[in-house]
Peer 1: 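Just passing along the structure, written as structure tokens.
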Amino acid sequence: MKKVTIIGSGNIGLSLAKGLANKNFCSPKEVTLTRRNLQHLTEAISLGFEVSSNNAEAIKGAHTIVLAILPQQLNDVLGEIKDHLNSKEQLIVSVISGVTCQDIKNKLGQDIQVIRAMPNTAISIGQSMTCIACEDTSKENMQKVIRMFETVGAVMKINEDLMTAATALCSCGIAFFLRGIRAASQGGVEVGFHADEALKMAVQTAKGAADLLLQTQSHPEREIDKVTSPKGCTIAGLNEMEHNGYSSSLIKGIKLSALKAGGLYSADN
């Protein structure tokens, strides 16, 4: 009997499947991946996962059904699987931006259990920051989904009304931090390094900054204070960046992304 079916097997879906198998959450044979064009799942087949182009068939026998599709594909997919679901035995996990648990219940029925999850693209290397929320589900199912996403990174349970904010901070946030690294490397080129050297130094410095906070549980400003001496070069650079809107532009970008994330899905489409 299949344990997990992942509908929509792009980067997020396939990466989750790999994480589940690598951390022995389940075997590849207990995971079914679906996609319209199975030619895109040759890697999954080589790794031993089951594959299918028929969503209704793929969910048979699965306890957990992960929806990893685009918001505009959701209504069609729910229409395909609605009459084949067992609300007493099957759990829906949605990783779709802008779609609430209630949106899915409105299409599938109020008795189906739905948990919403928002990973980011670092899921592909097992370093995702995944936020999880639900309106009404069993403690057992919640713990199962937490364990599932812990195979591909860190997990935080939040209120569902914060999920669009989590999308902006964690999912869109990957791009924001990558752009910061890119900008730092360009600055490195301008002060004398070759592009490949500057990028390597910027990447490792960013990684070091993140690990410093994770491992010491320190606050960013405390660590900043350690490298800003009176009349020094670090504080001069920081102040120049702040005068040009460094922090405020990042904050504004996160707020706008959150606003946009909340409007990605329409129940009528």
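Residue numbers count from 1 along this sequence.
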Peer 1: Rounded to the nearest 0.5 Å, how far does OG of Ser249 lie from CD of Glu242?
Peer 2: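 Answer for the CD-OG pair, Glu242 versus Ser249, is 8.5 Å.
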Peer 1: Answer yes or no on whether Lys144 is positioned over the face of Phe25, meaning its NZ or CZ is under 6.0 Å from the six-membered ring centre and within 45° of the axis.
Peer 2: no
Peer 1: Quick check: does any side chain N or O of Glu240 sit under 3.5 Å from a backbone N or O of Gly237, one acting as donor and the other as acceptor?
Peer 2: no
Peer 1: Which residue pairs satisfy the salt bridge (Lys or Arg N to Asp or Glu O under 4.0 Å) criterion with at least one member in residues 4-18, sequence neighbours excluded?
Peer 2: Lys18-Glu43
Peer 1: Say you draw a straight line from CG of Leu178 to CD1 of Ile174; how long is it, rounded to the nearest 0.5 Å?
Peer 2: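 These two atoms lie 6.0 Å from each other.
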Peer 1: Does Lys226 pair with Glu223 as a salt bridge, N-O distance under 4.0 Å?
Peer 2: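 So Lys226 pairs with Glu223 through a salt bridge.
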Peer 1: Side chain to side chain donor-acceptor pair (under 3.5 Å) with Gln90: which residues, sequence neighbours excluded?
Peer 2: none
Peer 1: So which atom in Tyr265 and which in Pro71 form the shortest heavy-atom distance, rounded to 0.1 Å?
Peer 2: CD1-O, 3.6 Å
Peer 1: Answer yes or no: does atom CE of Met156 have more than 12 heavy-atom neighbours from other residues, nucleotides or ligands under 6.0 Å?
Peer 2: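 12 or below, so no.
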Peer 1: Indicate yes or no: at least one non-hydrogen side-chain atom of Met163 is less than 4.5 angstrom from one of Ile158.
Peer 2: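 Met163 vs Ile158: side chains touch.
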Peer 1: Using only atom types and a distance under 3.5 Å, with no angle test, would you say the side chain of Arg116 pairs donor to acceptor with the backbone of Val99?
Peer 2: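 Such a contact is found between Arg116 side chain and Val99 backbone.
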Peer 1: Does Val4 belong to the same Ile/Leu/Val/Met/Phe/Trp/Tyr cluster as Met142, with side-chain heavy atoms less than 4.5 Å apart forming each link?
Peer 2: yes
Peer 1: Rounded to the nearest 0.5 Å, what's the gap from CG on Asn55 to CD1 on Ile7? Could you check?
Peer 2: 4.5 Å
Peer 1: Apply side chain to side chain contact (heavy atoms under 4.5 Å, CB included) to the pair Thr32 and Phe49, showing each step before the final yes or no.
Peer 2: CA-CA 6 Å; Thr32 297; Phe49 295 106; over 6 Å; no
Peer 1: Applying the side chain to side chain contact (heavy atoms under 4.5 Å, CB included) criterion to Ile12, which one of Val95, Ile96, Val66 satisfies it?
Peer 2: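 Answer after filtering Val95, Ile96, Val66: Val95.
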Peer 1: Would you say that Ser94 contacts Ile115 through its side chain, given a criterion of any heavy-atom pair below 4.5 Å between the two side chains?
Peer 2: no
Peer 1: When rounded to the nearest 0.5 angstrom, what distance separates CD1 in Ile59 from OG1 in Thr34?
Peer 2: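 These two atoms lie 10.0 Å from each other.
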Peer 1: Taking Asn86's backbone N and O only, do any of them form a donor-acceptor pair with Glu89's side chain (distance below 3.5 Å, no angle check)?
Peer 2: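 Such a contact is absent between Glu89 side chain and Asn86 backbone.
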Peer 1: Below 4.0 angstrom, N of the basic side chain to O of the carboxylate: do Lys200 and Asp196 qualify?
Peer 2: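 No, Lys200 and Asp196 are not salt-bridged.
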Peer 1: Kindly write out the residues that satisfy side chain to side chain contact (heavy atoms under 4.5 Å, CB included) with Lys260, not counting sequence neighbours, or none if the list is empty.
Peer 2: none
Peer 1: Under a 4.5 Å cut-off applied to non-hydrogen side-chain atoms, are Ser15 and Val152 in contact?
Peer 2: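 The answer is no, as the side chains (C-beta and beyond) never meet within the 4.5 Å cut-off.
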Peer 1: Can you give me the closest heavy-atom contact between Asn11 and Ser124, atom names plus distance?
Peer 2: OD1-CB, 3.9 Å
Peer 1: Show the nearest heavy-atom pair for residues Cys131 and Ala166, with the distance to one decimal.
Peer 2: SG-CB, 3.8 Å
Peer 1: Check for me, please, whether Leu91 and Met118 land in the same ILVMFWY cluster - side-chain distances under 4.5 Å, paths through other members count.
Peer 2: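 Leu91 and Met118: separate clusters.
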Peer 1: Return the set of residues passing side chain to side chain donor-acceptor pair (under 3.5 Å) with Thr137 (not counting sequence neighbours), or none when no residue passes.
Peer 2: Gln113
Peer 1: With Arg182, which residues qualify under side chain to side chain contact (heavy atoms under 4.5 Å, CB included), at least two apart?
Peer 2: Ser185, Gln186
Peer 1: Taking it one step at a time, do Glu160 and Thr100 satisfy side chain to side chain donor-acceptor pair (under 3.5 Å)?
Peer 2: CA-CA 8 Å; Glu160 190 178 7; Thr100 67; 4.6 Å; no
Peer 1: Mind running side chain to side chain contact (heavy atoms under 4.5 Å, CB included) on Leu16 and Met148 for me, showing each step along the way?
Peer 2: CA-CA 8 Å; Leu16 176 59; Met148 176 186 294; 4.0 Å; yes
Peer 1: May I ask you to check whether over 12 heavy atoms, not counting those of Tyr246, lie within 6.0 Å of atom OH?
Peer 2: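 Not more than 12 within 6.0 Å, no.
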Peer 1: With the 4.5 Å side-chain cut-off for hydrophobic clustering, are Leu38 and Ile45 part of the same group?
Peer 2: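 Yes; Ile45 is reachable from Leu38 via cluster members.
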Peer 1: Is a side-chain donor or acceptor of Arg35 paired with a backbone partner of Gly8 at a separation under 3.5 angstrom?
Peer 2: no
Peer 1: Step by step, would you call Asn120 with Ser171 a side chain to side chain donor-acceptor pair (under 3.5 Å)?
Peer 2: CA-CA 5 Å; Asn120 60 36; Ser171 187; over 6 Å; no
Peer 1: Taking the side chain as every heavy atom from C-beta outward, state whether Val93 and Leu67 have any atom pair closer than 4.5 Å.
Peer 2: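 In short, these two side chains do not touch, never coming nearer than 4.5 Å.
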Peer 1: Using atom types as modelled and distance alone, determine if a side-chain donor or acceptor of Ser257 lies under 3.5 Å from a backbone N or O of Cys172.
Peer 2: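 No, because the side chain of Ser257 does not come within donor-acceptor range (under 3.5 Å) of the backbone of Cys172.
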Peer 1: Do Ile6 and Leu14 make a side-chain contact, defined as non-hydrogen atoms from C-beta onward lying under 4.5 Å apart?
Peer 2: no
Peer 1: When rounded to the nearest 0.5 angstrom, what distance separates CG in Leu33 from OG in Ser53?
Peer 2: 12.5 Å
Peer 1: Quick one: pull up SG in Cys101 and CG in Asn106 and give me the separation to the nearest 0.5 Å.
Peer 2: 11.0 Å
Peer 1: Taking the side chain as C-beta and beyond, is there a heavy-atom pair between Ser128 and Phe149 under 4.5 Å?
Peer 2: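 A side-chain contact is absent here, since even the closest heavy-atom pair is not under 4.5 Å.
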Peer 1: Do Asn141 and His63 come close enough that some side-chain heavy atom pair is under 4.5 Å?
Peer 2: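 Yes. Closest side-chain heavy atoms under 4.5 Å.
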Peer 1: Donor-acceptor check, side chain of Asn37 to backbone of Gln39, threshold 3.5 angstrom: yes or no?
Peer 2: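 Such a contact is found between Asn37 side chain and Gln39 backbone.
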Peer 1: Got a salt bridge between Arg36 and Glu80, using NZ or NE/NH1/NH2 to carboxylate O under 4.0 Å?
Peer 2: yes
Peer 1: Walk me through it: do Gln102 and Gln110 pass the test side chain to side chain donor-acceptor pair (under 3.5 Å)?
Peer 2: CA-CA 8 Å; Gln102 190 58 51; Gln110 299 304 312; 2.9 Å; yes
Peer 1: For Gly262 versus Thr164, what's the shortest heavy-atom pair and its separation?
Peer 2: CA-CG2, 3.6 Å
Peer 1: Among all residues two or more places apart in sequence or in another chain, which pass the side chain to side chain contact (heavy atoms under 4.5 Å, CB included) test with Asp136?
Peer 2: Lys105
Peer 1: Specify the closest pair of heavy atoms between Ala165 and Ala258, including all atoms of both residues, with the distance to one decimal.
Peer 2: CA-CB, 4.2 Å
Peer 1: Should Leu259 and Lys255 be marked as a side chain to side chain contact (heavy atoms under 4.5 Å, CB included) after you check the CA-CA gap, both sets of side-chain angles, and the distance that decides it?
Peer 2: CA-CA 6 Å; Leu259 183 64; Lys255 289 173 66 178; over 6 Å; no
Peer 1: Keeping the roles fixed (side chain from Glu57, backbone from Asn54), state whether a donor-acceptor pair exists under 3.5 Å.
Peer 2: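 No, because the side chain of Glu57 does not come within donor-acceptor range (under 3.5 Å) of the backbone of Asn54.
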Peer 1: Honestly curious: do Leu214 and Met129 fall in one hydrophobic cluster under the side-chain, below-4.5 Å linking rule?
Peer 2: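 Per the 4.5 Å side-chain linkage, Leu214 and Met129 are not co-clustered.
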Peer 1: What's the shortest heavy-atom distance between Ile81 and Ala56, and which atoms?
Peer 2: CG2-N, 4.3 Å
Peer 1: Out of curiosity, does Leu20 fall in the hydrophobic cluster containing Leu47 (side-chain heavy atoms, cut-off under 4.5 Å, transitive links)?
Peer 2: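 Yes.
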Peer 1: Check the pair Ile92, Leu108 against side chain to side chain contact (heavy atoms under 4.5 Å, CB included), reporting the backbone distance first and the verdict last.
Peer 2: CA-CA 10 Å; Ile92 300 290; Leu108 298 180; 4.2 Å; yes
Peer 1: Is there a side-chain contact between Val31 and Cys26 in this structure, where contact means two heavy atoms from C-beta onward sitting under 4.5 Å apart?
Peer 2: yes
